[in-house]
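Here's the structure we're looking at; comments come further down.
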Amino acid sequence: MQRKFRLTRSEDFKRVRRSGKSYAHPLVVLIVQKNDQPRLKIGIAAGRTVGTAVYRNRAKRLLREAMRTLIPSIVSNLDLILIARPGLASATLEDARQALLTLLQRAQILTPIHE
RNA sequence: CAGGUCGGUUGGGCGAUCGCGGUCCUGUGUUUACGGGAUCGAGGAAAGUCCGCACUCCAUAGAGCACGGCGUCGGAUAGCACCCGGGGCGGGGAACCCUCCGUGAGGAGCUAACCUGCCGGACAAGGGCCACAGAAACAAACAGCCACCCUUACCCCCAUCCCCUCUUCCACUGGGAGAGGGGCGCAGGGGUGAGGGGGUGAUGGUGAAAAGGUGGUGUAAAAGACCACCGGCAUCUGCAGUAAUGUGGAUGGCCAGGUAACCCCCGCCGGGAGCAAGGCCAAGCAGGGACGAAGCCGUCUGCGGACGGCGGGAGACUGCUCGUCUUCAUACGUACCCUUUCACACGGUGAUUGGGUCAGUCCCGGGUAGGCCGCACCGAGCGGCGCGGCAACGCACCGCCCAGAGAGAUGAUCGCACAGUGGCGCUUUGGCGUCAUGGACAGAAUGCGGCUUAUAAACGGACCUGAGGU
RNA sequence: GGUCCCGUGGUGUAGCGGCCUAACAUGCGGCCCUGUCAAGGCCGAGAUCGCGGGUUCGAAUCCCGUCGGGACCG
């Protein structure tokens with residue numbers, strides 16, 4: 001997942017987390033917020049409850065890799081935040097992809113072709 | 001060969017596909033953006049933050065106080081408390097041998113290499129504390145022992161005196177002398193006890209610790225009071241060593257507890273904060289400053305106003321004028337802000353004095369967020385090799401430029417070999433085959449040095465002990 | 001990046017280097033009380049003082065290291 005899809009500004013994180021709509025899964029939490037600009041921005045977070053730095057990094061890598069293949073099938077003009085949960089560090093890539101897929105379907109932000 | 005100890009290196013390999021980040025070159029494109037190529041892309045601990053620096057800002061005449069840290073010697077270093085090499089005192093440390101215990105299996109001790117803790121001052125700066133036990137916890141007292149002196153009590157001996165008996169003499173109711181026995185018992189002598197003065201210094205025991213230990217001399221009783229040996233200390237001194245120190249010699253007196261990881265004293269070191277340090281920047285805001293006006297006419301009108309012209313204010317363009325352009329305009333009040341004085345129903349109200357503000361333009365201008373730099377590095381740099389040194393480390397030569405940062409890039413899948421683990425089969429018990437499983441601890445964020453902690457496995461060394469062979 | 005605090009029965013806390021073989025409350029178990037429960041009374045169990053070293057005659061306490069948890073500042 002390239003940097004241009006990344007949500008970076010601290011201000012944006014606060015805005016999305018405050019007023020976005022969240023969907024939970026045992027492995028990951030998704031927060032969705034509409035954006036004015038016609039592009040997709042995704043932020044990824046892993047708190048201290050996930051584990052040490054090694055496990056936090058692994059969780060974020062899994063989320064990025066799983067999200068990379070899903071980006072073309074997501075509606076634009078959205079800001080997303082993915083928050084890792086403790087079980088994610090020991091999960092496989094396929095687990096993460098399935099978790100994201102169910103969350104995106106529940107949030108109904110997949111493009112109609114992929115529905 | 002067996003056992004033990006120590007430190008070193010690596011810390012998963014190769015290939016394919018998909019994917020991520022930095023730098024450089026480059027293509028399309030007005031920028032954003034979309035590509036292509038090359039190259040680089042976590043660690044020995046990146047961790048903990050226990051120390052020491054670099055660097056930056058702030059503060060700063062000099063010195064001191066307070067506070068904190070350190071404290072054997074020498075070395076290394078930019079610097080360091082934990083680095084290197086030594087010294088002293090302790091603790092640990094396998095097997096064999098040896099010693100002890102045990103009927104025995106065995107256990108304990110001794111011990112090599114080695115590991116490890118501590119290191120100024122408690123013999124004079126001072127204070128505090130040392131539970132329980134004990135007479136007493138540091139300075140004397142109490143109990144105890146004792147020649148001597150004083151007082152006193154008792155016992156023994158006993159002069160003299162008194163009584164009785166016997167012998168003998170005389171001048172004979174008596175007297176003298178002598179012997180024996182008994183009684184009171186002074187002075188005196190001896191002994192015992194008590195009290196006081198004085199001497200003595202650690203015993204029986206207590207305790208972690210009680211004023212060196214053993215043996216003797218000595219004494220009223222004792223004690224290093226004296227002697228011999230041993231142990232420690234101080235002073236002087238020989239030798240070895242840079243030194244700490246070691247090892248001898250002489251002399252001296254036993255000066256008299258522990259605790260400074262209690263306060264403290266001595267010596268040395270330390271100004272404070274930290275890359276979110278700190279520097280720069282576009283725009284905007286808070287704030288500050290300068291200049292600062294004036295309306296008139298026409299058209300439309302839903303009568304609020306809108307538009308146009310002339311004139312006016314501020315600014316820009318310019319060296320100046322002209323000119324052009326941008327922009328603003330009437331709200332001046334019983335308004336608002338500050339202020340002086342006075343009154344009252346006094347956190348306020350009213351009156352009053354003086355000053356300022358009002359449209360707009362221009363200039364100065366923060367802090368935070370944002371962007372750029374710091375910051376990806378020619379450096380206490382990395383890798384070789386050589387020399388010096390026991391080593392830490394230093395020097396010389398050659399080669400290299402080697403991650404970066406931002407909400408934070410190293411991942412995923414597959415295959416092949418390599419160890420490891422487990423199952424099954426074969427087997428000469430060493431291994432072979434096959435199938436599964438499966439790769440430690442852990443992720444840079446300004447950089448560096450040391451320390452500490454976590455760590456599967458592999459490789460290769462050094463030293464010591466024992467046994468056997470040559 | 002920096003600073004600080006806390007680890008003691010199941011839980012929450014006390015605890016001058018020696019009365020610590022560790023106290024209090026609550027919880028737990030047993031008995032009494034009551035027709036029964038609660039409350040109350042009596043008795044009892046329950047602690048390697050996070051871990052490892054050291055100083056000291058003696059450590060929960062002092063020092064060092066380490067592990068875990070937490071708070072704060074920019």
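Nucleotide rG35(C) is shown with an anti base, its glycosidic torsion being more than 90° from 0. In this structure rC402(B) sits in the syn conformation; its chi angle is within 90° of 0. The glycosidic torsion of rG15(B) lies more than 90° away from 0, placing the base in the anti range. In this structure, rG224(B) is classed as syn because its glycosidic torsion stays within 90° of zero. In this structure, rA225(B) is classed as anti because its glycosidic torsion departs from zero by more than 90°.
Base pairing of rA71(C) is made with rU3(C), judged by Watson-Crick or G-U wobble geometry with both donor-acceptor distances under 3.5 Å. Pair assignment for rG394(B) gives rC387(B), based on Watson-Crick or G-U wobble hydrogen-bonding distances that are each under 3.5 Å. A 3.5 Å limit on both hydrogen-bonding distances identifies rG415(B) as the Watson-Crick or G-U partner of rC14(B). Nucleotide rC459(B) forms a pair with rG8(B), judged by Watson-Crick or G-U wobble geometry with both contacts under 3.5 Å. As the counterpart of rU23(B), rA38(B) is assigned, both hydrogen-bonding distances of the Watson-Crick or G-U wobble pattern falling under 3.5 Å. The partner of rA380(B) is absent, by the rule that a Watson-Crick or G-U pair needs both atom distances under 3.5 Å. Pair assignment for rG180(B) gives rC164(B), based on Watson-Crick or G-U wobble hydrogen-bonding distances that are each under 3.5 Å. The pairing partner recorded for rG248(B) is rU237(B), the criterion being a Watson-Crick or G-U wobble arrangement whose two distances lie under 3.5 angstrom.
In this structure Thr52(A) satisfies the side-chain contact (heavy atoms from CB on, under 4.5 Å) test together with Val54(A), Tyr55(A), sequence neighbours excluded.
The same atom, C1', is picked in rU168(B) and in rC186(B); the two are 34 Å apart, to the nearest Å. Going from the C1' atom of rC51(B) to that of rU77(B) covers 16 Å, rounded to whole Å. Here the separation of rA143(B) from rG188(B), taken at their C1' atoms, is 37 Å to the nearest Å. rA23(C) and rG15(C) are spaced 7 Å apart, taking the C1' atom of each and rounding to whole Å. Between rA228(B) and rU206(B), the two C1' atoms lie 34 Å apart (nearest whole Å). When the C1' atom is compared between rA159(B) and rG183(B), the two are found 16 Å apart, to the nearest whole Å. Using C1' as the reference atom, rA250(B) and rA391(B) are 42 Å apart when rounded to the nearest Å. One P atom belongs to rC96(B), the other to rG109(B), and the distance between them is 15 Å to the nearest Å.
Across all their heavy atoms, Ala66(A) and Leu93(A) have their closest contact at N-CD1, 3.9 Å.
The distance from atom NE2 of His25(A) to atom CG of Leu101(A), rounded to the nearest 0.5 Å, is 10.5 Å.
The distance between atom CD1 of Ile42(A) and atom P of rA407(B), rounded to the nearest whole Å, is 17 Å. In this structure, CG of Leu88(A) is placed 16 Å from P of rG411(B), rounded to the nearest angstrom. One atom, CG of Asp79(A), and another, P of rA407(B), lie 16 Å apart when rounded to the nearest Å.
Two residues, Thr92(A) and Gly43(A), neighbour RNA chain B, and the one matched to the more 5' nucleotide by heavy-atom proximity is Gly43(A). Between Arg61(A) and Ala53(A), the residue whose closest nucleotide on RNA chain B is further toward the 5' end is Arg61(A).
Across all strands, Thr52(A) comes closer than 4.0 Å only to sugar-phosphate atoms, never to a base (heavy-atom distances). Note on Arg56(A): nothing from the nucleic acid sits closer than 4.0 angstrom, heavy atoms only.
Of the residues listed (Leu30(A), Leu78(A), Ile71(A)), the one engaging Ile42(A) in a side chain to side chain contact (heavy atoms under 4.5 Å, CB included) is Ile71(A), and it is the only one.
Side chain of Arg106(A) to backbone of Ala24(A): a donor-acceptor contact under 3.5 angstrom is found.
In terms of phosphate contacts, Arg58(A) brings a side-chain nitrogen or oxygen within less than 4.0 Å of OP1 or OP2 of rA412(B).
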Checklist entry - Would Ile74(A) and Met67(A) count as a side-chain contact (heavy atoms from CB on, under 4.5 Å) if you check the C-alpha gap in whole Å, the side-chain angles of each, and the deciding distance to 0.1 Å? => result CA-CA 10 Å; Ile74(A) 297 178; Met67(A) 208 58 193; 3.5 Å; yes
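Cluster membership check: Val50(A) does not share its hydrophobic cluster with Leu62(A), using side-chain heavy-atom separations under 4.5 Å among Ile, Leu, Val, Met, Phe, Trp and Tyr.
Nearest nucleotide to the side chain of Ala45(A), out of rA407(B), rC18(B), rA442(B): rA407(B).
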